Amino acid sequence: MWLILSPLTWLLVAVLAACLSLRCGKRRRMALRACAVVAIVAVAAMTPLVANILLGRLENTTVGAHDCRSRMPTTAVVLAGGLSGRASGPDDLAVLGLASRRRLDRAVAWWHGGRGRQLVMSGGSWFGDGIADAGLMLGYARRLGVPESAIRVEDGSLTTWASAQELAAMRPALPKRIALVTSAAHMKRAVYAMRVAGFDVCAVVADRRQVPLDFPGLIVPQRSALEKTENALHEMVGMVYYRWRAMLDGA
């Protein structure tokens with residue numbers, strides 16, 4: 001899926017198709033024009049301008065309950081944001097990815113903001129080695145001063161949808177009304193999955209990735225912009241898939 005949603009893939013396909021179209025005879029000009037359009041779109045999608053536009057559609061969307069400021073839940077679910085590599089052991093916190101650490105920093109700040117608050121770390125083991133993202137997240141939160149008694153772990157899920165379903169299975173020990181900590185671009189899809197699973201959600205946003213733009217840098221393709229565009233497209237396609245899945249489930 002990541003390959004299909006990558007503008008770099010589109011560009012490579014366009015170049016390859018352009019080379020093959022040189023043998024198309026009468027339709028060569030039409031094929032080359034189509035390849036040129038795809039290549040232009042792909043290059044544009046790698047610029048900070050387009051990346052920011054796509055991220056803006058996700059990060060500036062208001063989601064969650066309307067009474068969160070006056071009545072914040074006492075339990076927050078923190079969704080894993082991935083690892084930067086394979087952990088050498090359960091204490092190898094250095095492999096926590098940037099998104100995971102930003103979410104945890106925001107979650108710990110939230111925990112310090114009120115008495116009796118609890119954190120629920122959610123994320124399973126990608127490598128099948130028994131070292132779950134949630135366990136590493138627990139260790140990170142403890143380093144930041146959160147006692148283990150204030151942390152619970154859900155370590156059986158590998159997707160946001162699965163996290164929501166696994167967390168729903170923890171009820172009634174887990175309250176229906178929760179705060180949800182995740183990246184700004186991921187929040188809309190995550191809130192939807194949690195609502196389908198039966199939760200009332202207050203959004204606690206972390207990891208905003210929109211940046212101020214300047215000329216001419218905003219129109220120059222960059223690796224960071226490519227990554228942001230890929231993430232934004234992943235969220236948009238994922239949201240469509242979740243709505244389709246919920247429809248099939250009759251939710």
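Reckoned from all heavy atoms, side chains included, excluding hydrogens, waters and symmetry mates. Fair warning: this is a prediction, and the values are worked out from it, not measured in the lab.
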Original post:
Do you know which two heavy atoms are closest between Pro7 and Ala45, and how far apart they sit?
Top reply: CG-CB, 3.5 Å
Original post:
Between Glu235 and Lys188, is any pair of side-chain heavy atoms under 4.5 Å apart?
Top reply: no
Original post:
Leu8 and Leu5: same hydrophobic cluster, using ILVMFWY side-chain contacts below 4.5 Å?
Top reply: no
**OP:** State, with a plain yes or no, whether a side-chain heavy atom of Asn60 is found less than 4.5 Å away from one of Gln210.
**Re:** yes
Original post:
Any side-chain heavy atom of Lys228 within less than 4.5 Å of one from Gln222?
Top reply: no
Original post:
Is there a donor-acceptor pair under 3.5 Å between the side chain of Arg103 and the backbone N or O of Ala80?
Top reply: yes
Original post:
Is the closest side-chain heavy-atom distance between Tyr242 and Val196 below 4.5 Å?
Top reply: no
**OP:** Give a yes-or-no answer on whether the side chains of Arg101 and Tyr140 include a donor-acceptor pair shorter than 3.5 Å.
**Re:** no
**OP:** Would you give the length of the straight line joining atom CE of Met239 to atom CG of Leu58, rounded to the nearest 0.5 angstrom?
**Re:** 10.0 Å
Original post:
What is the distance from atom CG of Leu158 to atom OG of Ser125, rounded to the nearest 0.5 Å?
Top reply: 7.5 Å
Original post:
How close do Thr47 and Pro221 get, heavy atom to heavy atom, and via which atoms?
Top reply: CG2-N, 3.9 Å
Original post:
Looking just at side-chain N and O atoms, do Thr75 and Gln118 make a donor-acceptor pair shorter than 3.5 Å?
Top reply: no
**OP:** Identify the heavy atoms of Asp91 and Arg143 that sit nearest to each other, and give their distance.
**Re:** O-NH2, 4.3 Å
Original post:
Do Met187 and Leu55 belong together in a cluster built from hydrophobic side chains that touch within less than 4.5 Å?
Top reply: no
Original post:
Just how far is it from atom CG of Leu136 to atom CD1 of Ile131, taken to the nearest 0.5 Å?
Top reply: 7.0 Å
Original post:
Just wondering, do Leu167 and Ile178 contact through their side chains at under 4.5 Å, heavy atoms?
Top reply: no
**OP:** State whether the side chain of Ser100 and the backbone N or O of Gly82 hold a donor-acceptor pair below 3.5 Å, judged by distance alone.
**Re:** yes
Original post:
To the nearest 0.5 Å, what is the distance between CG (Leu83) and CG (Leu93)?
Top reply: 10.5 Å
**OP:** Side-chain contact test, heavy atoms from C-beta onward, threshold under 4.5 Å: evaluate it for Arg177 versus Cys202 and give yes or no.
**Re:** yes
Original post:
Minimum heavy-atom separation for Ala190 to Leu180, with atom names?
Top reply: CB-CD2, 3.7 Å
Original post:
Under 4.5 Å between side-chain heavy atoms, hopping through other hydrophobics if needed: is there a path connecting Met247 to Tyr192?
Top reply: yes
Subject >> Common cluster, Trp126/Val78, ILVMFWY with side-chain heavy-atom separation under 4.5 Å >> reply: yes
Original post:
Of all heavy-atom pairs between Ala76 and Trp110, which one has the smallest distance, and what is that distance?
Top reply: CB-CZ3, 3.4 Å
Subject >> Side-chain donor or acceptor of Arg106 paired with backbone N/O of Val204 under 3.5 Å >> reply: no
**OP:** Answer with yes or no whether the hydrophobic clustering places Val13 together with Leu32; edges join I, L, V, M, F, W, Y residues whose side-chain heavy atoms lie under 4.5 Å apart.
**Re:** no
Original post:
Got a second to check how far Leu174's CG is from Glu154's CD, nearest 0.5 Å?
Top reply: 10.0 Å
**OP:** Determine whether Val77 and Thr182 make a side-chain contact, defined as any pair of heavy atoms from C-beta on separated by less than 4.5 Å.
**Re:** no
Original post:
For Ile4, does its backbone N or O pair with a side-chain atom of Trp10 as donor and acceptor, under 3.5 Å?
Top reply: yes
Original post:
Which atom names give the shortest non-hydrogen contact between Ala164 and Ala193, and what distance separates them?
Top reply: CB-O, 3.4 Å
**OP:** Can you spot which of Asp207, Asn231, Thr160 makes a side-chain hydrogen bond (donor to acceptor under 3.5 Å, both in side chains) with His186?
**Re:** Thr160
**OP:** Decide yes or no for Ser6 and Leu226: does some side-chain heavy atom of the first lie under 4.5 Å from some side-chain heavy atom of the second?
**Re:** yes
Subject >> Check: Ser84 side chain, Val95 main-chain N or O, donor-acceptor pair, under 3.5 Å >> reply: yes
Original post:
Does Arg171 count as lying over the ring of Phe199, i.e. NZ or CZ under 6.0 Å from the six-ring centre, within 45 degrees of the axis?
Top reply: yes
Original post:
How long is the span from the CG atom in Leu49 to the CG atom in Leu54, to the nearest 0.5 Å?
Top reply: 9.5 Å
**OP:** Begin with the C-alpha distance, continue with both residues' side-chain angles, and end with the deciding distance and a verdict on side-chain contact (heavy atoms from CB on, under 4.5 Å) for Leu119 and Met137.
**Re:** CA-CA 10 Å; Leu119 297 177; Met137 293 162 68; over 6 Å; no
